[in-house]
Each structure stands twice: as structure tokens, then as C-alpha cells.
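Notes for the one structure printed next.
All ligand and atom numbering here is 1-based and tracks the order in the structure. Only this structure's heavy atoms are used, side chains among them; waters, hydrogens and symmetry mates stay out.
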Amino acid sequence: MLKHVEIKSLVSLSLAEGETRNVCVKGWVRTKRGNKNVAFIALNDGTCVQSLQVVAELQTEENSNGFSDELMKKINTGACLCVEGVLVKSMGKGQNVEIQAKNIEVYGQADPESYPLQKKGHSLEFLREIAHLRPRTNTFGCVLRLRHEMAYALHKFYHERGFVYLHTPIITGSDCEGAGEMFQVSTLELENLPRTPQGTIDYSKDFFGKPTKLTVSGQLEGELGAMALSKIYTFGPTFRAENSNTPRHLAEFWMNEPEMAFYEIEDNMDLAEDFLKHLTAHALEHCMDDLRFLNDMYDKELISRLEHVGKMHFERITYTQAVDVLKASNAKFDYPVEWGMDLQSEHERYLVEKHYKKPVIITDYPKDIKAFYMKQNADGKTVRGMDVLFPQIGEIIGGSQREEDLEKLQRRINECHIPDKDMWWYLDTRRFGTAPHSGFGLGFERLLLFVTGMTNIRDVIPFPRFPQNAEF
Ligand code: 4AD
Ligand code: MG
């Protein structure tokens, strides 16, 4: 028995005419076509976007050595095969090599009547309904390989710069970040809740003895790490229960949050820009086959947009400047622009796509529209927040320099009506050896929208979670 090899290692080989190799490949049938003498089977094992052409001679009156009708009936789109044979230079168009099958074992059949991916060219909407099978399409193969490569490039970027990967908790007892609505975590029986004498729910009977939630962000715990290890990053799932049915929001999404002691806002912006350029460069260097497929199928400007980002200095402007630009523009917005409002995605996209024509970092937002922990500016009105805005996406990164002054932070916490009892551990970083520090959060799926050219965030995560959807 030959050792099996990945299709990726074969498809780009260029064999001389007459040169052969005995190989064994395993994968799923994408298509089968042919005539009464021969079948051509496109076999894909997910290691690359290309399928390997398997040539199977059929049993006929003239050729008793061919594969039997009985076997060939089992080989339909979706079936899983193990093929041993001889790899040769292909004379056909569209592939370097093909395999002349000597032995075919059918691992698993797929009934053509019921296999949902029988035909090619399904809509992304339809594929979302069969998210359990869509990894078997070329599109999702490309997206999922890119997703993996971006996760790898992310870890590599931080590792090479001396950051420590800090695992922050998913279940949290604090709900003070205010980044979004939270999911509750409880082992109490919903039908039979324990009550206090006052009639409220008795959380002392719950698993943790208090109300707990799924985290919206690892930042607050990340800050504890940065105040000891200098530079940390988190990377994990975060949860937001907003009922926002948009192409850019998920209820469960992955966030990467670096947090750095001794970084001011400028250092934070430099890191974010460097980071995004590193990730796009990695995709261009290592994922060109997948990018080309997505470029051709979905977005003819994908590759040029990725290249463009690498060359550009991101524009850096303050919120006040952004408001001035938007007001001076003749563009019609659904939401008229006023200083103090949260910028809507139509405003962000105008700045990035129409006005500056490159990524934009906006800083110094009004304090009332940003989180309590952002460092307050001397003007008393703005804070050192920063959002990185990307073409097609809008906000891809949100971050800030953090308020390191205990008194100022405490005042802001009171203004925001955040209960002190939830914050004592966070405030301890400011009580004991406080330091200037900064950080940001990258929405990993927003990054993937940019890198894959997909337009719906549900298509860049294997198993999307959104309102009314948690089937697979
Ligand atoms: O701007 P956000 O809410 O910032 C934070 O959570 C901070 N704690 C980050 C930090 O400073 N450490 O979220 C950060 C990013 C956004 O820029 C966006 O890319 C993404 O997370 N994001 C979402 N992605 C998908 N679905 C959602 N519902 C998202 N909400 C935010
Ligand atoms: Mg934000």
C-alpha cells in the first residue's frame, strides 16, 4: 500500500512527458464526467483550491481491465475515494498533471438524489443554510484556509515582537465594559428559579454564586496582564447579544486584543498599522491561489486592494477633523453630521472610500460616545480613542490609550453609573504601580471580510451565530 499524499503537493508539479510517479490520493469527488470508455473525476481534499483529475478507464467489451459499472455507480459528486495510480503529465487543458487510476476504493458514497452540493454554483445564501457541508465548496475552502493563515500570521506577528499570548476568561462576572448586550451564563433551572425573600432571583444558588455572562471583550483582564508582562495579546471568541442583523455583526465573533504598557496612542496606531499590513502581506505571500479564486469569482479588485493597503500610509485624523470634512462635503447622508454623534458606517465609508481613498485612523472622540476607560484629553471633552477604518468594511479596529490616573478613572466610572463593587480589581492596576498603556481590538471576521472580499460576515466564520441561528 502506497503512503497517501496531499493533492496540494501534486497539482503544481511539472512532469516531463513520459515521467511517472506512483501515488495514492484521498479526497471528495467534485465532478465526474466522461464517456463510455473513460471517466474523469475531479478529486479535492481541501489542501488547496485545485482538484486533481483522476482518469479511470471503464470496463468495456474491448477493455476487460477497466473499472466496473458497479463501482462507477458508487462514484458521484460528494463521495469519498482512495485512489492509487500513476501520476503523469496531463495532455488536457487546465491541469499540469493527472492520475491514471489503477485502484479505487470508495470510502463513502453520496446519494445524488439527496446530496445538497450535487450541482455547482450555489448562492452564498443557500450555502449558509447548509453550513455543515459548505466547507466542501471551493469558496469556503479558500475562506477557511485564509482564516487559518490569518490566525497563524497573527500569532507570528506578536510572537516575533515579544508579546505574551494571555488567555482571558470567556465566562465573566463583570459586565462593565459596556461594549454590548451580554449573554447570561447560568446553571439555574429557568422554569424553577430560586428566589430571595424579596422575590428577586437568588444568584447565590447559581454555579458561581453570582450572575455571570459570556465576555464581550478580554480587554479588562488583558490590562491586568500588560501591567505585569508589558506586552500581551488575547485571541478568542467574544459574544454580543445585540439584535443586529447586519452583514458586519455576529453574536459570536473572534477578537484579538493586544495591550501594551508604556505605549501612548501614537505607538498604538503605529502597531495597528504595522499589524494590518503584516497580515495583508502574509495573505499575498502565502495564499495567492485562494486569493486568485476569490478575486475571479467575487471581487475583481480584491488583490489590488490588498496590495494597495501595503503601500499606503494610513491617514490619521481627529474626530473633529472628520466631522469638518463630512460637513464640508456635498454628500447626502441618511444621518446628518453633528459634532458629538457617533459616526455611522455611511460616514466612515465616505471618508475612506471617497475622500482619503485609503485606510483612515480617527482619534480623539467625544468622551460621551466612548468607553469609560479611555484616556481623557486636557480639553475635558474628548478621549484618546482610535478607530481604524478600512475600505468596504468600515471599523476594523477599535482601541485607545487607557486612563491611568486613578482619580480621573474613578470619576468617569461614577459618571457612567458603573457599580464600584464590579471594578475594584480593575482599579487595583491604577492603585498599584499604574503606568501609561494602550491597546486595541481587531474584529477577526472583519479582517477576513477584507482579506477574502466576501461581503457578509456570516461567510467568513465556519459556524456563524446570529439571531435565530445556532443550528450547526
Ligand atoms: O470597538 P470594540 O467594541 O472594542 C472593544 O471591544 C475594545 N475592548 C477593544 C480594545 O480596545 N481592546 O470592538 C473591537 C472590534 C471592532 O472594531 C470590530 O472590528 C469588532 O471588534 N466587532 C465585531 N465584529 C463582529 N461582530 C460584532 N458584533 C462586533 N462588534 C465589534
Ligand atoms: Mg468600536
Next item on the list: Take atom NE2 of His132 as the centre, draw a 6.0 Å sphere, and report whether it contains more than 12 heavy atoms from other residues, nucleotides or ligands.
Entry: yes
Notebook entry, point to check: So, Thr139 versus Tyr298: side-chain donor-acceptor pair below 3.5 Å or not?
Noted result: yes
Check: Going by heavy atoms in the side chains, are Thr318 and Thr382 under 4.5 Å from each other?
Finding: no
Next item on the list: Distance to 0.1 Å, residue and atom name: give those for the protein heavy atom nearest to atom 1 (O) of ligand 1.
Entry: Glu395 OE2, 3.0 Å
Note to self: So if I count the atoms of ligand 1 from 1 in the order they appear, which ones are less than 4.0 Å from some heavy atom of Gly443?
What the structure shows: 15 (C), 19 (O), 20 (C), 21 (O)
Next item on the list: Could you pull out, from Phe253, Trp254, Phe444, the option with a heavy atom nearest to atom 27 (C) of ligand 1?
Entry: Phe253
Check: Are there more than 12 heavy atoms of other residues, nucleotides or ligands under 6.0 Å from atom NZ of Lys8?
Finding: no
Check: Identify the closest protein heavy atom to atom 5 (C) of ligand 1: which residue and atom is it, and at what distance?
Finding: Glu177 OE2, 3.7 Å
Check: Can you tell which of Ile397, Ile361, Val388 makes a side chain to side chain contact (heavy atoms under 4.5 Å, CB included) with Met269?
Finding: Ile361
Notebook entry, point to check: Is there a side-chain hydrogen bond (donor to acceptor under 3.5 Å, both in side chains) between His159 and Tyr165 once you walk through the steps?
Noted result: CA-CA 8 Å; His159 181 75; Tyr165 182 20; over 6 Å; no
Item checked: Heavy-atom proximity to atom 21 (O) of ligand 1, best of Glu242, Met255, Gln219 -> Met255
Next item on the list: May I ask you to list the atoms of ligand 1 that are less than 4.0 angstrom from any heavy atom of Tyr373?
Entry: 7 (C), 8 (N)
Next item on the list: Heavy-atom distances under 4.0 Å are what count here, so tell me which part of Ile396 touches ligand 1: side chain, backbone, both or neither.
Entry: backbone
Notebook entry, point to check: Taking atom CE of Met454 and atom CD of Glu445, what is their separation to the nearest 0.5 Å?
Noted result: 14.5 Å
Notebook entry, point to check: Measuring from Arg128:CZ to Asn469:CG, what's the distance to the nearest 0.5 Å?
Noted result: 10.0 Å
Check: Is the number of heavy atoms from other residues, nucleotides or ligands within 6.0 Å of NZ (Lys381) greater than 12?
Finding: no
Notebook entry, point to check: Less than 3.5 Å between some nitrogen or oxygen of Arg240 and one of ligand 1, yes or no?
Noted result: yes
Check: When only distance counts, is Leu250 in polar contact with ligand 1, meaning an N/O pair under 3.5 Å?
Finding: yes
Checklist line | Over 12 foreign heavy atoms within 6.0 Å of CZ, Phe207 | finding: no
Next item on the list: Please verify whether a non-hydrogen atom of Glu445 lies at under 4.0 Å from ligand 1.
Entry: no
Check: What is the nearest protein non-hydrogen atom to atom 15 (C) of ligand 1, stated with its residue, atom name and distance?
Finding: Gly441 O, 3.6 Å
Next item on the list: Enumerate the atoms of ligand 1 whose separation from the nearest heavy atom of His249 is less than 4.0 angstrom.
Entry: 26 (N), 27 (C), 28 (N)
Notebook entry, point to check: Looking at Gly399, which atoms of ligand 1 are within less than 4.0 Å of one of its heavy atoms?
Noted result: 11 (O)
Check: Do Phe472 and Phe463 make the cut of ring centroids closer than 6.0 angstrom?
Finding: no
Checklist line | Any donor-acceptor N or O pair under 3.5 Å, side chains Gln219, Tyr373 | finding: yes
Checklist line | Protein contact of atom 18 (C) of ligand 1 - nearest heavy atom, named by residue and atom, plus distance | finding: Arg446 NH1, 3.4 Å
Note to self: Closer than 4.0 Å to some heavy atom of Arg248 - which atoms of ligand 1 meet that?
What the structure shows: 25 (C), 26 (N)
Check: Is Gln410 atom CD crowded by more than 12 heavy atoms from other residues, nucleotides or ligands, each under 6.0 Å away?
Finding: yes
Notebook entry, point to check: What atoms of ligand 1 come closer than 4.0 angstrom to any heavy atom of Glu257?
Noted result: 7 (C), 8 (N), 9 (C), 10 (C), 12 (N)
Checklist line | Close-contact set for ligand 1 against Arg402 heavy atoms, below 4.0 Å | finding: 10 (C), 11 (O), 12 (N)
Note to self: Less than 2.8 Å away from the Mg ion (ligand 2), how many protein N/O/S atoms can be counted, ignoring water?
What the structure shows: 1
Next item on the list: Drop me the distance from Leu326's CG to Phe333's CZ, to the nearest 0.5 angstrom.
Entry: 5.0 Å
Notebook entry, point to check: His148 vs Tyr152 aromatic rings, parallel, tilted or perpendicular, using cut-offs 30° and 60°?
Noted result: parallel
Next item on the list: For Ile457, take its heavy atoms, then give the atoms of ligand 1 lying under 4.0 Å from any of them.
Entry: 25 (C)
